[in-house]
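Read the structure below first, then the notes.
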2 protein chains.
Amino acid sequence: MKLTSKGRYAVMALADLANFNSVNPVSLRDISLRQGISLDFLEQIFSKLKRHNIVKSIRGTNGGYILNKDPVQIKLANILNAVDEEVKTVQCKKDSKKGCNNKTSKCITHNLWDELEMHINYFFEQKNLKDLITNTSEGRN
Amino acid sequence: MKLTSKGRYAVMALADLANFNSVNPVSLRDISLRQGISLDFLEQIFSKLKRHNIVKSIRGTNGGYILNKDPVQIKLANILNAVDEEVKTVQCKKDSKKGCNNKTSKCITHNLWDELEMHINYFFEQKNLKDLITNTSEGRN
DNA sequence: TGAATACTTGACTAAATTACTCAGGTATAT
DNA sequence: ATATACCTGAGTAATTTAGTCAAGTATTCA
Ligand code: FES
Ligand code: FES
């Protein structure tokens with residue numbers, strides 16, 4: 001049960017972006033250098049974040065990305081969903097009547113895993129980017 | 001962020017075992033057939049469960065496994081820990097001072113992931129095998 | 001205008017992990 | 001004796017992850 005780099009990097013990069021939340025766009029190159037994340041990988045990630053309207057892009061010299069919404073409105077759930085990081089606790093198909101290993105009904109543990117999934121998703125729904133900025137006690141806002 | 005088969009199967013198999021919680025041991029062959037899990041894979045899993053004193057084994061004809069404790073005392077956390085399914089939300093070393101990507105300090109998202117890890121582990125601490133047997137109605141204390 | 005910057009896109013690949021299988025063995029009941 | 005069923009370690013195919021690589025396009029500024 002672990003978080004992928006893609007998901008972690010997406011949040012990390014957006015936290016960086018939120019921290020430098022000035023009028024000026026922030027280039028991926030800067031984020032790459034500050035956070036030690038591969039530029040090419042960041043590009044993949046931001047392409048998805050843009051498609052999900054979490055960031056806006058500005059091309060050309062002095063271009064970069066800026067947040068498309070107020071940090072408080074960007075939930076962790078939105079970010080992770082954008083980069084296809086999904087919480088998956090069961091093997092069986094969600095909408096199918098079949099259970100694990102193609103059995104004809106849902107198994108005895110199915111409800112448990114559903115509960116777990118909800119439990120985790122609740123966390124992602126509660127937390128937003130703003131929480132990440134103000135939590136650092138860096139005294140900046 | 002997903003649960004591995006090993007972890008899911010371990011819980012599934014123990015739930016099966018708890019359901020047939022008679023005086024007689026339950027063979028892995030039976031569990032394999034009932035739950036559709038590979039026998040060889042089950043043997044790997046039960047070897048670990050036994051090493052962690054979650055089950056007891058009885059060899060020979062009519063042998064099998066029985067629970068080593070009352071189902072209410074077997075927490076999900078114990079089971080998952082036994083089969084090496086660990087919750088891992090960060091990349092950085094837990095006890096090191098270094099952060100992600102070998103940076104000199106913990107990154108801005110570190111606390112968030114720690115919180116998430118605690119949030120998930122809390123779930124695993126709360127739930128036990130008994131919850132899985134007497135389930136059906138959401139009798140959460 | 002032209003060079004530099006920085007976003008855009010898709011394909012590709014090495015490394016790691018997962019989910020097993022396989023090939024032996026040992027203990028016990030009948 | 002034989003069948004049953006636990007026990008152990010090594011090996012391996014399939015999948016996923018974590019990127020890289022290559023070839024663009026748009027914008028700014030000197
Ligand atoms: S987890 Fe859904 S049927 Fe087993
Ligand atoms: S998650 Fe621990 S330093 Fe980034």
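FYI, side chains are in, hydrogens and waters are out, and symmetry mates aren't considered; it's all heavy atoms of this structure. Labels below follow one simple rule: chain letters A, B, ... track the order of the sequence lines, proteins then strands, and each chain is numbered from 1. As the structure is a computational prediction, the values presented were derived from the model and not from experiment.
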| query | Between the side chain of E85(A) and the main-chain N/O of L3(A), is any donor-acceptor distance below 3.5 Å? | reply |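 The answer is no, because no donor-acceptor pair under 3.5 Å joins these two groups.
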| K2(A) side chain vs M1(B) backbone, donor-acceptor pair below 3.5 Å | no
| message | Against V83(B), only a single residue in T4(B), V11(B), L49(B) fulfils side-chain contact (heavy atoms from CB on, under 4.5 Å); can you say which? | response | L49(B)
| message | Categorize S57(B) for me: base, sugar-phosphate, or nothing, with a 4.0 angstrom heavy-atom threshold over every strand shown. | response | sugar-phosphate
| said: Heavy atoms only, 4.0 Å cut-off, all strands: where does F46(B) land among base, sugar-phosphate and nothing? | reply: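 No contact.
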| said: Between P on dC7(C) and CD1 on I45(A), what's the gap in Å once rounded to a whole number? | reply: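 It works out to 14 Å between those atoms.
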| task | Mind calculating the distance between CG (L42(A)) and P (dC7(C)) to the nearest angstrom? | result | 10 Å
| note | In B/S/- notation (B base, S sugar-phosphate only, - none; protein heavy atoms under 4.0 Å), nucleotides 13-24 of chain C written 5' to 3' is -----SSBBB--
| Of G63(A) and S47(A), whose closest DNA chain C nucleotide lies nearer the 5' terminus? | G63(A)
| query | Got a sec: does the NZ of K103(B) have more than 12 other heavy atoms crowding it under 6.0 Å? | reply |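 More than 12 heavy atoms, drawn from other residues, nucleotides or ligands, come within 6.0 Å of this atom.
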| request: Report yes if at least one side-chain N or O of N62(A) is closer than 4.0 Å to OP1 or OP2 of dC29(D); otherwise report no. | output: yes
| task | Any salt bridge (charged side-chain N to carboxylate O under 4.0 Å, His left out) involving residues 28-47 of chain A? Give me the pairs, sequence neighbours left out, ordered by first then second residue. | result | D16(A)-R34(A)
| said: From the set dC29(D), dA3(D), dT30(C), return the single nucleotide nearest to any side-chain atom of T61(B). | reply: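 From the listed options, dA3(D) comes nearest.
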| field | L17(A) side chain reached by F46(A) side chain, heavy atoms, under 4.5 Å | value | yes
| Distance-only donor-acceptor test, R59(B) side-chain atoms vs dT4(D) base atoms, 3.5 Å | no
